[in-house]
Amino acid sequence: SKRKGINNFVNFLTKYEKFLFNVQFILVGRLDNDSEIHREYLKNCSVLQWIDTYIEEEVLQEMYSEADYIMLPYTMEFNGSSGVFAHACSHAKPVIATSHGCIGFRVNEFKLGKTFKSGNYVEMFNVIQQACSINFTEYQEMVKHAYQYALNNSMEAHQKIILQGLTEWK
């Protein structure tokens with residue numbers, strides 16, 4: 001949907017594609033009607049591999065595992081949580097996301113990656129460049145935080161907390 005930021009992402013790429021030497025994006029999923037105008041650009045963008053089809057869950061999980069970062073360029077209209085965010089953390093992947101809303105808060109609060117202001121393409125470019133040039137230790141810290149976040153916020157962790165509370169309540 002448009003709230004996921006595909007239009008912002010395409011606008012960013014059209015401005016910065018020629019400056020992104022060490023970056024390869026993978027975009028997975030179909031376009032909604034509002035974003036169809038970007039089809040030709042996405043098919044021909046030099047820094048983007050676009051998978052415009054359904055992918056089996058097993059293949060999608062492999063793609064998460066192979067990624068260095070997961071990018072969530074949501075618009076200001078998107079303030080909730082995200083399945084992609086949950087998958088990123090469960091694969092211990094740092095996140096590059098917009099700074100507003102629930103996801104931006106989590107990324108900053110739990111040191112899960114880097115954030116930028118939605119629609120601010122200069123800031124988005126700078127964050128991507130920073131992410132590509134950080135040292136191994138800093139990257140591993142984000143990986144560790146993502147892994148720990150996933151452990152602490154899994155269904156099993158929440159179930160354990162609830163059961164413990166019920167046991168203590170009795």
Query raised in the report: Do Ile6 and Leu31 come within less than 4.5 Å of each other through their side chains, counting heavy atoms only?
Result: yes

Requested in this report: May I ask you to decide if Val84's main-chain N or O and Ser82's side chain share a donor-acceptor pair within less than 3.5 Å?
Outcome: yes

Query - Glu123 side-chain N/O to Lys117 backbone N/O, donor-acceptor pair under 3.5 Å - result: yes

**Report entry** Gap separating the NZ atom of Lys144 from the CD atom of Gln140, nearest 0.5 angstrom
**Finding:** 10.0 Å

Query raised in the report: Between Met63 and Ile51, is any pair of side-chain heavy atoms under 4.5 Å apart?
Result: yes

Requested in this report: Decide ring-ring contact (aromatic ring centres under 6.0 Å, His included) for Tyr139 and Tyr69; before the verdict, give the C-alpha distance in whole Å, the side-chain angles of both, and the deciding distance to 0.1 Å.
Outcome: CA-CA 10 Å; Tyr139 181 80; Tyr69 292 91; 5.5 Å; yes

Query raised in the report: Is it the case that one hydrophobic cluster holds both Val95 and Met76, taking links as side-chain heavy atoms less than 4.5 Å apart, direct or via other members?
Result: no

Query - From Asp68 atom CG to Cys132 atom SG, the distance as rounded to the nearest 0.5 Å - result: 8.0 Å

Query raised in the report: When hydrophobic residues are tied together by side-chain contacts of less than 4.5 Å, even through go-betweens, does Ile55 share a cluster with Leu27?
Result: no

Report task. Evaluate the criterion side chain to side chain contact (heavy atoms under 4.5 Å, CB included) for residue pair Ile96 and Ile70; output intermediate values, then yes/no. Result -> CA-CA 6 Å; Ile96 297 174; Ile70 304 299; over 6 Å; no

Query - Working for side chain to side chain contact (heavy atoms under 4.5 Å, CB included), residues Val107 and Phe85 - result: CA-CA 9 Å; Val107 171; Phe85 173 79; 3.9 Å; yes

Query raised in the report: Would you say Lys93's side chain and Ser65's backbone share a donor-acceptor pair under 3.5 angstrom?
Result: yes

**Report entry** Full working for side chain to side chain contact (heavy atoms under 4.5 Å, CB included) between Leu72 and Phe78
**Finding:** CA-CA 11 Å; Leu72 304 170; Phe78 190 97; over 6 Å; no

Query - Student check: side-chain heavy atoms of Tyr147 and Ser90 closer than 4.5 Å - result: no

Query raised in the report: Which class fits the ring pair His87 and His91: parallel under 30°, tilted 30 to 60°, perpendicular over 60°?
Result: tilted

Query raised in the report: Given the rule that I, L, V, M, F, W and Y join up when any side-chain heavy atoms are under 4.5 Å apart, are Ile134 and Phe116 in one cluster?
Result: yes

Report summary line: d(Lys111 NZ, Glu109 CD) to nearest 0.5 Å is 8.5 Å

**Report entry** Side chains of Tyr41 and Glu17 in contact at under 4.5 Å (non-hydrogen atoms)
**Finding:** yes

Query raised in the report: Going by the angle between their ring planes, with limits at 30° and 60°, are Phe125 and Tyr16 parallel, tilted or perpendicular?
Result: parallel

Query - Exercise: identify the closest heavy-atom pair between Leu13 and Leu48 - result: CD1-CD2, 4.5 Å

Query raised in the report: Donor-acceptor pair, Trp50 side chain versus Arg39 backbone, under 3.5 Å?
Result: no

Query raised in the report: Where the side chain of Ser133 meets the backbone of Gln129, is there a donor-acceptor pair that is under 3.5 Å apart?
Result: yes

Query - Main-chain N/O of Arg3 paired with Thr75 side-chain donor or acceptor, under 3.5 Å - result: yes

Query raised in the report: Can you tell me how far the OG atom of Ser99 sits from the CZ atom of Phe105, to the nearest 0.5 Å?
Result: 13.0 Å

Query - Contact summary for Cys102 and Gly80, nearest pair of heavy atoms - result: CB-O, 3.5 Å

Query raised in the report: Are Ile26 and Val28 close enough that some pair of their side-chain heavy atoms sits under 4.5 Å apart?
Result: yes

Query raised in the report: Should Ile128 and Val143 be regarded as members of a common hydrophobic cluster, given that ILVMFWY residues are connected when their side-chain heavy atoms come within less than 4.5 Å of each other, either directly or indirectly?
Result: yes

Query - Between Gln148 and Asn152: side-chain donor-acceptor atoms closer than 3.5 Å - result: yes

Query raised in the report: Taking side chain as C-beta onward, heavy atoms only, is Met142 less than 4.5 Å from Leu112?
Result: no

Report task. Measure the acute angle between the ring planes of Phe9 and Phe25, then classify it against the limits of 30° and 60° as parallel, tilted or perpendicular. Result -> perpendicular

Query raised in the report: Are Val127 and Tyr121 connected in a single hydrophobic cluster, I mean Ile/Leu/Val/Met/Phe/Trp/Tyr linked by side-chain heavy atoms less than 4.5 Å apart?
Result: yes

Query raised in the report: Would you say the side-chain atoms of Tyr149 and Arg106 include a donor-acceptor pair closer than 3.5 Å?
Result: yes

Query raised in the report: Should we say atom CD of Glu56 is surrounded by more than 12 heavy atoms from elsewhere, each under 6.0 Å from it?
Result: no

Requested in this report: Report yes or no: do Thr14 and Asn11 form a side-chain donor-acceptor pair below 3.5 Å?
Outcome: no

Query raised in the report: Just by distance, with hydrogens left out, do Tyr74 and Asn8 show a side-chain donor and acceptor under 3.5 Å apart?
Result: no

Query raised in the report: How far apart are the C-alpha atoms of Asn7 and Ser35, what are their side-chain angles, what is the distance that settles it, and do they pass the side chain to side chain contact (heavy atoms under 4.5 Å, CB included) test?
Result: CA-CA 7 Å; Asn7 294 338; Ser35 303; 3.4 Å; yes

Query - Minimum heavy-atom distance between Gly104 and Thr115, given as atom pair plus value - result: O-CG2, 4.1 Å

Query raised in the report: How about Lys114 and Pro94: do any of their side-chain heavy atoms sit closer than 4.5 Å?
Result: no

Query raised in the report: Take atom NZ in Lys4; do more than 12 heavy atoms of anything else shown fall under 6.0 Å from it?
Result: no

Query raised in the report: Is it true that atom CD of Gln24 has more than 12 heavy atoms of other residues, nucleotides or ligands lying nearer than 6.0 Å?
Result: yes

Query raised in the report: Are more than 12 heavy atoms from other residues, nucleotides or ligands located less than 6.0 Å from atom CG of Asn33?
Result: no

Query - Heavy atoms from other residues, nucleotides or ligands near OH of Tyr54 exceed 12 (cutoff 6.0 Å) - result: yes

